[in-house]
Asker: 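So that we are looking at the same thing, I have put the structure below in structure tokens.
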Amino acid sequence: SDLHAPRFRLPLAMQMPRTAATVRDIKPADFIAAYAEHLKKTGLIELPSWIDYAKSGFHKELSPYDPDWYFTRAAAIARKVYLRQNLGVGSLRKYFGSLNDRGAKTEHFQRAAGNNIRDILKQLEEHNVVVRADKGKGRVITSKGQKDLDLIASQVANAGAADEASDDDDESSDEED
């Protein structure tokens, strides 16, 4: 009866206002999972030949169970360099390290494996996501890298907003029944 009523309903993604977000605005686990998937799809990070035999540190008995652990570690490293500039291999080894279970003896902190981190940083440098800082003070994020990471963060934020809105729609349709 109303001439100006829309004949169709816009998809939810088109209805939601797009929000800009940075890496700091997103939960770390959500961002790292999304960026790891991006790295895997785009081929920015190539798996080294020795990946099947690598552990994430001296203190680990086995390599990680997740077959995509290398992409997850790369995403976590990129996020860390984004949040705190001038991080080198040594400080990242300290960040990713954990306690070494030595049986009946007391536990001691062990740093993570440096070769994994070094290889990831080299690959991120090749694709201009990070670059070496002046005077050998670790790595810093480039403007291209910051743009890429913020784009992924915005996608995660908008996907989360769309999920919440669809949950609200589902609840309201349940109440109408």
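Computed over heavy atoms, backbone and side chain alike; hydrogens, waters and symmetry mates excluded. Sequence positions, counted from 1, serve as the residue numbers for this chain. Remember, predicted model here, so these are calculated numbers, not experimental data.
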Asker: Kindly compute the distance separating CD (Glu126) from CG (Leu121), expressed to the nearest 0.5 Å.
Answerer: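 Glu126 atom CD to Leu121 atom CG measures 11.5 Å (nearest 0.5 Å).
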
Asker: Let me check something: any side-chain donor-acceptor pairs from residues 37-46 under 3.5 Å, sequence neighbours excluded? List them with distances.
Answerer:
| from | atom 1 | to | atom 2 | distance (Å) |
| --- | --- | --- | --- | --- |
| Lys40 | NZ | Asp68 | OD1 | 3.0 |
| Lys40 | NZ | Asp68 | OD2 | 3.0 |
| Thr42 | OG1 | His38 | O | 2.8 |

Asker: Would you please name every residue forming a salt bridge (charged side-chain N to carboxylate O under 4.0 Å, His left out) with Lys80, sequence neighbours left out?
Answerer: none

Asker: Measuring from Ser91:OG to Arg111:CZ, what's the distance to the nearest 0.5 Å?
Answerer: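 CZ of Arg111 is found 8.5 Å from OG of Ser91.
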
Asker: With sequence neighbours left out, what residues match Tyr70 under side chain to side chain donor-acceptor pair (under 3.5 Å)?
Answerer: Asp119

Asker: Listing request: all salt bridge (Lys or Arg N to Asp or Glu O under 4.0 Å) pairs with a residue in residues 141-153, at least two apart in sequence or in separate chains.
Answerer: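 For residues 141-153: Lys144-Asp148.
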
Asker: What residues, two or more places apart in sequence or in another chain, satisfy ring-ring contact (aromatic ring centres under 6.0 Å, His included) together with Phe71?
Answerer: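 Testing Phe71 for ring-ring contact (aromatic ring centres under 6.0 Å, His included), a comparison that skips the adjacent residues, returns none.
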
Asker: What's the shortest heavy-atom distance between Phe109 and Gly97, and which atoms?
Answerer: CE1-C, 3.5 Å

Asker: Spell out, yes or no, whether Leu87 and Val131 are grouped together once hydrophobic residues are joined by side-chain heavy atoms under 4.5 Å, including indirect joins.
Answerer: no

Asker: Using modelled atom types and a 3.5 Å cut-off, is there a donor and acceptor pairing between side-chain atoms of Ser154 and backbone atoms of Ala21?
Answerer: yes

Asker: Distance-only criterion, 3.5 Å: show the donor-acceptor pairs between side-chain atoms of residues 24-33 and protein atoms not counting sequence neighbours.
Answerer:
| from | atom 1 | to | atom 2 | distance (Å) |
| --- | --- | --- | --- | --- |
| Arg24 | NH2 | Leu83 | O | 3.3 |
| Asp25 | OD2 | Thr22 | N | 3.0 |
| Asp25 | OD2 | Thr22 | OG1 | 3.3 |

Asker: Taking all heavy atoms of Ala153 and all of Val23, pick out the closest pair and write down the distance.
Answerer: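 For Ala153 and Val23, the tightest heavy-atom pair comes out as CB-N, 3.8 Å.
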
Asker: Establish whether Leu151 and Val81 are linked, either directly or via other cluster members, by ILVMFWY side-chain heavy-atom contacts under 4.5 Å.
Answerer: no

Asker: Distance check, rounded to the nearest 0.5 Å: Glu125 atom CD versus Arg139 atom CZ?
Answerer: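 Nearest 0.5 Å value for the CD-CZ distance: 4.0 Å.
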
Asker: Roughly how far apart are Arg84 CZ and Arg79 CZ, rounded to 0.5 Å?
Answerer: 13.0 Å

Asker: Treating Ile, Leu, Val, Met, Phe, Trp and Tyr as nodes and any side-chain heavy-atom pair under 4.5 angstrom as an edge, say whether Ile117 and Tyr95 lie in one connected cluster.
Answerer: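 Yes; Tyr95 is reachable from Ile117 via cluster members.
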
Asker: Find the distance between NE2 (His108) and CG (Asp101) and round it off to the nearest 0.5 Å.
Answerer: 11.5 Å

Asker: Working to the nearest 0.5 angstrom, can you tell me the gap between Leu149 CG and Tyr35 OH?
Answerer: 4.5 Å

Asker: The criterion is side-chain contact (heavy atoms from CB on, under 4.5 Å); which residues satisfy it with Gln85, sequence neighbours excluded?
Answerer: Val140, Ile141

Asker: Give a yes or no answer on whether the side chain of Thr142 reaches the backbone of Asn128 with a donor-acceptor pair at less than 3.5 Å.
Answerer: yes

